[in-house]
Asks: 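I have a structure here, written as structure tokens, and I will follow up with some questions on it.
Order of the sequence lines fixes the chain letters, A, B, ..., with proteins taken first and strands second; residue numbering starts at 1 for each chain.
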Amino acid sequence: MTLRFDVRRRLREFTLVAAAEIPAGVTLLEGPSGGGKTTLLRLIAGLIPPDGGRIALGERVLADTATRTFVPPDARNVALVFQEYALFPHLDVASNVEFGLRARRVPAPERAARVRRTLDRFEIAALARARVTELSGGQRQRVALARALVVEPAALLLDEPLAALDPSTRDRVRGELAAILAGIDVPTIFVSHDPSDREPFGARTLHLERGELAR
Amino acid sequence: MVFAAALLVAFIVLPLAGLVAHITPSAFGEALRTPAARHALKLSAITTTITLGVTLVLGTPLAYVLARADFPGRRLVDAVADLPIVVPPAVAGIALLFAFGRNGTLGPLLHAFGVQLSFSTAAVVLAQTFVSAPFYVRAARSAFAGADRTLEAASATLGMGPLRTFAYITVPLAAPALLGGAVLTWARALGEFGATIMFAGNLEGVSQTLPLAVYLNLESDDLPIATALSIVLVAFSLFVVAAVRLTAEREAA
């Protein structure tokens with residue numbers, strides 16, 4: 001499965017123009033803040049429409065301004081891990097992870113089994129009934145990742161998933177994240193402007209600056 | 001400074017305490033058991049519940065649209081939605097009469113369908129909704145405007161459509177503010193007097209709500225009933241103030 005996009009979107013100070021093919025596995029998306037990285041992820045997730053262009057995941061067209069196609073975010077099966085994780089504060093850890101399965105109307109018994117398996121895999125089973133507001137940064141990050149991956153998304157987008165962590169936690173979590181992402185076989189875009197992320201995640205790297213995407 | 005503060009507090013507390021001092025517990029119980037009091041209590045309970053239900057069902061979408069949608073005239077609609085808060089209730093009553101009364105603008109149409117609104121229990125609900133709904137709409141609007149949009153975006157990327165995101169994310173997160181607004185609306189509906197007496201009249205069991213019963217019984221010199229019902233209204237008011245404060249504190253925490 002390959003994620004292909006060739007899109008244009010007008011931003012305040014420049015126009016984002018980005019075209020690339022993202023194969024399965026991790027692609028690091030680098031560049032300074034305000035260069036359009038988050039906007040590109042939001043375009044791919046369907047949270048905003050492109051002004052022009054096309055986005056396709058394998059054979060499936062997610063957006064095409066030429067044919068006025070626009071698949072809404074809830075029908076794309078593209079998971080996005082937000083920078084501050086955006087965990088639902090009124091739900092406990094298990095319910096956060098379960099959310100995407102409820103969205104897909106997975107039957108309750110199967111839902112419970114998949115949540116349990118995912119919590120085990122991310123070593124957060126002991127936190128199942130904890131409120132997400134009580135978690136440490138590293139734990140939140142794992143819940144966010146578990147919530148995104150439990151639905152088996154067709155593509156995974158991570159918006160600076162380590163930036164919200166304190167430096168000492170960050171190195172440990174970076175290693176864990178690298179191990180998890182190594183086992184995922186869908187197009188994955190990892191946004192970062194931290195040079196330390198190059199070694200584990202930078203086998204393929206794209207650079208985005210002032211709306212211009214380059215290798 | 002302290003004296004001025006104490007003076008104002010005493011000014012508020014003394015008359016309310018005086019209400020309680022004005023009646024013995026047995027006379028209070030007896031007054032509440034009279035048919036007039038029982039009818040008023042029952043009518044107020046029913047009408048304020050319906051008013052609250054109508055306000056929640058119609059006010060929630062309105063508040064959401066006002067908070068989120070951008071359309072020409074949004075600010076005007078916004079101002080109109082607030083208007084009943086500042087319009088004198090008696091004026092609201094006359095306006096409702098002119099609109100929905102037998103000789104009102106919509107009177108002939110309603111009459112054709114066999115509906116007569118004015119001087120009925122339905123008129124009580126209309127009067128209450130008119131004056132009290134804006135309190136809920138205001139609270140809900142600011143809650144929806146202040147909601148964390150990232151959480152709604154997260155819900156969407158996890159596969160929840162807009163309606164379910166609203167139900168599972170937006171509403172639960174806004175719940176304390178919605179509850180506070182609902183309590184205020186209910187309290188305002190319970191105390192509604194001016195618009196009700198103008199538009200719905202003052203018929204026992206039909207349109208004589210608690211405040212109207214207080215007024216009528218005071219006029220007809222039945223002081224115990226007026227006093228007892230007043231105490232009930234003050235007790236509800238105390239409950240409302242406490243409830244609103246508690247939710248505000250919980251929200252701040």
Asks: Are there over 12 heavy-atom neighbours, none belonging to B:F239, within less than 6.0 Å of that residue's CZ?
Replies: no
Asks: Has B:I12 got more than 12 heavy atoms of other residues, nucleotides or ligands less than 6.0 Å from its CD1?
Replies: yes
Asks: With heavy-atom distances below 4.5 Å as the criterion, would you say the side chains of A:P89 and B:L151 are in contact?
Replies: yes
Asks: Got a sec: does the CZ of B:F236 have more than 12 other heavy atoms crowding it under 6.0 Å?
Replies: no
Asks: Assess whether atom CZ of B:R138 is packed by more than 12 heavy atoms of other residues, nucleotides or ligands within 6.0 Å.
Replies: no
Asks: What do you reckon, is CZ of B:F11 surrounded by more than 12 foreign heavy atoms closer than 6.0 Å?
Replies: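 Open: at most 12 neighbouring heavy atoms sit under 6.0 Å from CZ of B:F11.
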Asks: Are any of the side-chain heavy atoms of B:Y168 and A:F88 separated by less than 4.5 Å?
Replies: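 Result no, sub-4.5 Å side-chain heavy-atom pair not found.
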Asks: Under 4.5 Å from any heavy atom of chain A, what part of B:T165 do you find: side chain, backbone, both or neither?
Replies: neither
Asks: Closest approach of A:D74 and B:M160, non-hydrogen atoms and distance?
Replies: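 Shortest heavy-atom separation between A:D74 and B:M160 comes out as CB-O, 3.2 Å.
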Asks: Output all residues satisfying ring-ring contact (aromatic ring centres under 6.0 Å, His included) with A:F82, sequence neighbours left out; order by chain, then residue number.
Replies: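 A:F82 satisfies ring-ring contact (aromatic ring centres under 6.0 Å, His included) with no residue once adjacent residues are dropped.
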Asks: For A:D185, does the CG atom sit with more than 12 other heavy atoms under 6.0 Å from it, leaving out its own atoms?
Replies: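 12 or below, so no.
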Asks: For A:E123, look at atom CD and say whether over 12 heavy atoms of other residues, nucleotides or ligands are found less than 6.0 Å away.
Replies: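 For A:E123, atom CD is not crowded (no more than 12 foreign heavy atoms under 6.0 Å).
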Asks: Below 4.5 Å from any heavy atom of chain B, which atoms of A:L101 appear? Answer side chain, backbone, both or neither.
Replies: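 Contact with chain B is absent: no heavy atom of A:L101 under 4.5 Å.
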Asks: So which of A:R102, A:R76, A:E84 has the largest heavy-atom pair count under 4.5 angstrom toward chain B?
Replies: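 Greatest number of close heavy-atom pairs with chain B: A:R102.
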Asks: Taking all atoms of both residues into account, what is the closest heavy-atom pair of B:A154 and A:R147, and its distance?
Replies: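 In terms of heavy atoms, the two residues are closest at CB-NH2, 3.8 Å.
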Asks: Could you give the distance from CG (A:L91) to CG (B:L173), rounded to the nearest 0.5 Å?
Replies: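 Between atom CG of A:L91 and atom CG of B:L173 there are 8.0 Å.
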Asks: Is the number of heavy atoms from other residues, nucleotides or ligands within 6.0 Å of CZ (B:R245) greater than 12?
Replies: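 Check fails, neighbour count at 12 or below.
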Asks: So how far is it from A:H90 NE2 to B:I169 CD1, rounded to the nearest 0.5 Å?
Replies: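 Result: 4.0 Å between the selected atoms.
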Asks: Mind checking which of residues 39-58 of chain A sit less than 4.5 Å from chain B, heavy atom to heavy atom?
Replies: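 Within residues 39-58 of chain A, the residues that come under 4.5 Å of chain B (heavy atoms only) are A:A45, A:L47.
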